[in-house]
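For reference, the structure is listed below as structure tokens.
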Protein chains: 2
Amino acid sequence: MSKAEIKDRARLKKKERRRQILLELKLRPHVRISELAQRFNVSTETVRRDFDALSGEGLIARAHGGASAPSQGHYPNLDERANSRIDERERIGRRAAKLVREGETVMIDSGSTTIEMARALAYLGTPCTVITNSIPVAMTLGHGAPEVLLCPGEYLAAESAVIGTETLEFLSRFNVDRCVIGSSGFSTEGPSESVRGFAAVKRMMLQRAEYRHLLIDSQKFGRKGLAHVGDLTGLQSIVVDSRPKDALLGALVAANVDIISTDDT
Amino acid sequence: MSKAEIKDRARLKKKERRRQILLELKLRPHVRISELAQRFNVSTETVRRDFDALSGEGLIARAHGGASAPSQGHYPNLDERANSRIDERERIGRRAAKLVREGETVMIDSGSTTIEMARALAYLGTPCTVITNSIPVAMTLGHGAPEVLLCPGEYLAAESAVIGTETLEFLSRFNVDRCVIGSSGFSTEGPSESVRGFAAVKRMMLQRAEYRHLLIDSQKFGRKGLAHVGDLTGLQSIVVDSRPKDALLGALVAANVDIISTDDT
DNA sequence: ATTATTTTGTTGCATAAGCCACGTTTCAGT
DNA sequence: ACTGAAACGTGGCTTATGCAACAAAATAAT
């Protein structure tokens with residue numbers, strides 16, 4: 001008996017429905033319960049139950065009347081950290097955006113802090129050309145004044161960015177005024193990164209830029225990620241929310257790195 | 001005194017508040033009106049007005065009770081199109097996804113119909129490699145089985161895709177099993193496209209693929225977009241929601257193009 | 001077939017959000 | 001100070017959503 005066919009036409013099963021909800025959320029920032037109920041031809045209560053289940057698994061974020069994707073470029077640990085460091089990130093991003101001058105060409109790395117910078121840059125509306133491997137950065141800037149060149153590469157869903165040899169090869173073809181990178185660790189040995197494949201991208205960006213900036217949250221001082229990105233001497237300046245001290249400060253001075261702190265008046 | 005002048009010297013309070021809203025949305029997928037009203041110590045009406053203004057500028061996506069970032073899929077042009085003929089698109093997408101076999105390499109074009117196909121393909125979970133210039137397609141497939149290679153290029157916010165010489169050059173380096181494209185028009189002369197810069201991308205994809213498929217809504221039969229994409233003879237098959245008739249059918253038969261209709265049982 | 005289990009629908013009500021109109025406050029320019 | 005425009009708040013009302021408990025239907029298991 002072809003019950004399956006009949007069901008397929010009439011109504012989707014639970015699993016399929018939830019799958020569709022997740023897919024929909026990859027394309028739209030927000031879906032409404034009422035919309036989905038209509039689309040799936042089920043009651044709003046059913047959709048609500050789907051939402052409860054999915055949000056229990058952390059796959060969606062509930063909202064009054066609907067749901068959204070958990071987070072833009074959902075970074076694994078972002079939720080915990082970001083909530084406690086909103087201001088720091090925002091300030092670092094704003095300060096860093098001011099470094100970019102009209103008409104410049106800038107490479108921007110992927111990462112939560114660089115997304116903040118992109119937001120600030122979009123707000124400033126500085127006309128410039130941005131080359132990035134981060135989808136959120138491209139989308140943020142894409143609506144505004146800057147021209148955006150997106151890198152090719154293997155798409156990494158977890159970070160909403162591209163990496164790989166294609167990315168590196170593409171970056172290697174450009175010479176830019178500045179590059180702005182973030183990193184998951186920062187010690188006297190320089191920035192380091194723990195996400196696979198990102199270190200190489202950051203390294204290449206540093207190589208192709210005349211002025212090299214690192215955006216780094218003071219929480220990351222002293223931490224070391226898996227892969228070494230580069231030496232301190234390779235940086236012109238770091239943008240931080242609070243000035244480093246002791247050994248790290250000494251190393252930065254020795255390496256002649258400018259420290260731009262949002263703490264300074 | 002002109003209104004423009006007043007606008008220029010917009011109040012700090014309002015401006016700052018709206019800036020904060022945007023910032024918040026970069027970190028969270030969704031904010032509630034009630035939350036913001038409390039946080040800024042203003043009435044909900046004020047926040048509502050902020051939302052109206054911001055959503056008018058396309059900076060946020062409104063929702064019942066709050067708003068979300070337009071981040072993941074804000075396609076101004078796509079929205080209108082997507083709302084009509086959802087079923088047709090879904091069926092076409094589902095059918096087209098079945099064309100892809102395990103291990104194949106596929107180029108997928110940007111467009112609302114190809115996004116539907118990407119969804120279906122993600123659902124099927126066919127392991128394959130996808131090369132695309134569409135951000136939504138990359139994001140949809142990125143979480144699943146397929147490997148995704150994103151093209152470089154100039155980011156076009158309105159279509160959430162990349163175009164330009166970089167894109168073409170990148171595509172030209174690959175030889176793939178299939179390519180799947182959409183178009184805004186389809187006549188006896190072949191598919192045509194009205195969005196600037198897209199025709200060239202489609203043409204290049206057709207050039208690099210062994211099997212070439214066109215996904216096309218029957219509403220577009222007979223329409224001609226600005227730029228010619230290619231001849232009918234360049235296509236192996238078209239996937240449609242309803243079989244073409246008369247002259248178009250004749251031309252397709254003459255060009256030896258397979259017609260895959262979702263109407264067929 | 002029958003029962004048990006899961007899934008979905010329905011109803012009623014409390015709460016939240018939307019919306020409109022009007023009054024009040026704020027602030028730049030005079 | 002004065003004034004007018006813009007921004008903001010308040011109140012009254014309508015609509016939408018959330019929630020919970022129970023009924024109905026579908027599905028799975030025996």
Side-chain angles (χ1 to χ4, degrees), chain A residues 1-25 28-70 123, chain B residues 1-25 28-70 79 83 123:
Chain A
M1 179 161 316
S2 56
K3 258 190 181 176
E5 250 179 57
I6 297 172
K7 294 293 170 200
D8 227 354
R9 305 235 170 197
R11 185 171 300 167
L12 301 164
K13 293 172 195 167
K14 187 180 75 174
K15 202 175 170 186
E16 167 64 10
R17 203 177 49 232
R18 295 189 177 172
R19 181 146 202 155
Q20 293 256 8
I21 293 175
L22 292 177
L23 280 174
E24 186 69 26
L25 275 175
R28 296 174 179 231
H30 187 267
V31 289
R32 297 192 68 165
I33 287 189
S34 49
E35 278 179 14
L36 291 176
Q38 201 168 4
R39 173 164 155 191
F40 296 141
N41 212 32
V42 296
S43 75
T44 60
E45 281 306 300
T46 303
V47 179
R48 214 184 299 284
R49 281 161 188 147
D50 288 340
F51 278 17
D52 285 341
L54 292 171
S55 102
E57 299 173 46
L59 297 172
I60 64 171
R62 289 225 43 182
H64 190 100
S68 336
Y123 177 68
Chain B
M1 141 189 356
S2 76
K3 277 191 177 180
E5 275 175 27
I6 295 174
K7 273 287 171 189
D8 275 347
R9 304 174 192 180
R11 333 226 158 184
L12 204 65
K13 268 187 171 180
K14 188 177 76 173
K15 219 175 171 180
E16 171 66 12
R17 201 177 50 233
R18 295 188 176 175
R19 202 182 58 75
Q20 293 254 8
I21 293 175
L22 292 176
L23 273 171
E24 187 69 24
L25 275 175
R28 295 212 217 166
H30 187 268
V31 289
R32 299 189 70 163
I33 287 189
S34 50
E35 279 177 15
L36 292 176
Q38 202 167 8
R39 173 163 152 194
F40 296 139
N41 216 33
V42 295
S43 74
T44 61
E45 279 304 300
T46 301
V47 179
R48 215 184 298 284
R49 282 163 188 148
D50 289 341
F51 277 18
D52 284 342
L54 291 170
S55 101
E57 297 173 45
L59 297 171
I60 64 172
R62 289 223 47 181
H64 189 102
S68 24
D79 271 349
N83 279 336
Y123 176 65

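Please read all numbers here as calculations on a predicted model, not as lab measurements. Every chain is numbered from 1 and lettered A, B, ... according to where its sequence line falls, protein lines coming before strand lines.
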- Residue-phosphate contact under 4.0 Å: Ser34(A) side-chain N/O, dT17(D) OP1/OP2: yes
- N or O in side chain of Arg32(A) less than 4.0 angstrom from dT17(D) OP1/OP2: yes
- Set of residues satisfying side-chain hydrogen bond (donor to acceptor under 3.5 Å, both in side chains) with respect to Thr44(A), sequence neighbours excluded: none
- Nearest to the side chain of His64(A) - dA16(C), dC8(D), dG9(C)? dA16(C)
- Send over the distance from Gln38(A) CD to dT17(D) P, rounded to a whole Å. 11 Å
- Query: Looking at residues at least two apart in the chain, or sitting in another chain, which of them share a side-chain hydrogen bond (donor to acceptor under 3.5 Å, both in side chains) with Gln20(B)?
  - Reply: Glu16(B), Arg39(B)
- Taking side chain as C-beta onward, heavy atoms only, is Leu36(A) less than 4.5 Å from Phe51(A)? yes
- With a non-hydrogen cut-off below 4.0 angstrom, is Ala63(B) in contact with a base, only sugar-phosphate, or nothing? sugar-phosphate
- Message: With a cut-off of less than 4.0 Å, is there a side-chain N or O of Thr46(A) near OP1 or OP2 of dG9(C)?
- Response: yes
- Atom-to-atom span, NE2 of His30(B) to P of dT17(D) - whole angstrom: 12 Å
- Query: Residues in salt bridge (charged side-chain N to carboxylate O under 4.0 Å, His left out) with Arg62(B), at least two apart?
  - Reply: Asp52(B)
- How long is the line joining CG of Asn41(B) and P of dT10(D), in whole Å? 10 Å
- Query: CG of Asp50(B) versus P of dA17(C): gap in Å, rounded?
  - Reply: 16 Å
- Query: What residues form a salt bridge (charged side-chain N to carboxylate O under 4.0 Å, His left out) with Arg49(A), not counting sequence neighbours?
  - Reply: none
- Rounded off to whole Å, could you give me the CZ-to-C1' distance for the Arg17(A) and dG9(C) pair? 12 Å
- Considering all heavy atoms, the nearest Arg18(B)-Ala53(B) contact: NH1-CB, 3.2 Å
- Please list, chain by chain and in numerical order, all residues satisfying salt bridge (charged side-chain N to carboxylate O under 4.0 Å, His left out) with Glu35(A), sequence neighbours excluded. none
- Message: Whole angstroms only, please: what is the CD1-P distance between Ile33(A) and dT8(C)?
- Response: 14 Å
Taking N or O atoms only and anything under 3.5 Å, show me the protein contacts with nucleotides 19-22 of chain C, one pair per line.
| unit_1 | atom_1 | unit_2 | atom_2 | d |
| --- | --- | --- | --- | --- |
| dC19(C) | N4 | Glu45(B) | OE2 | 3.4 |

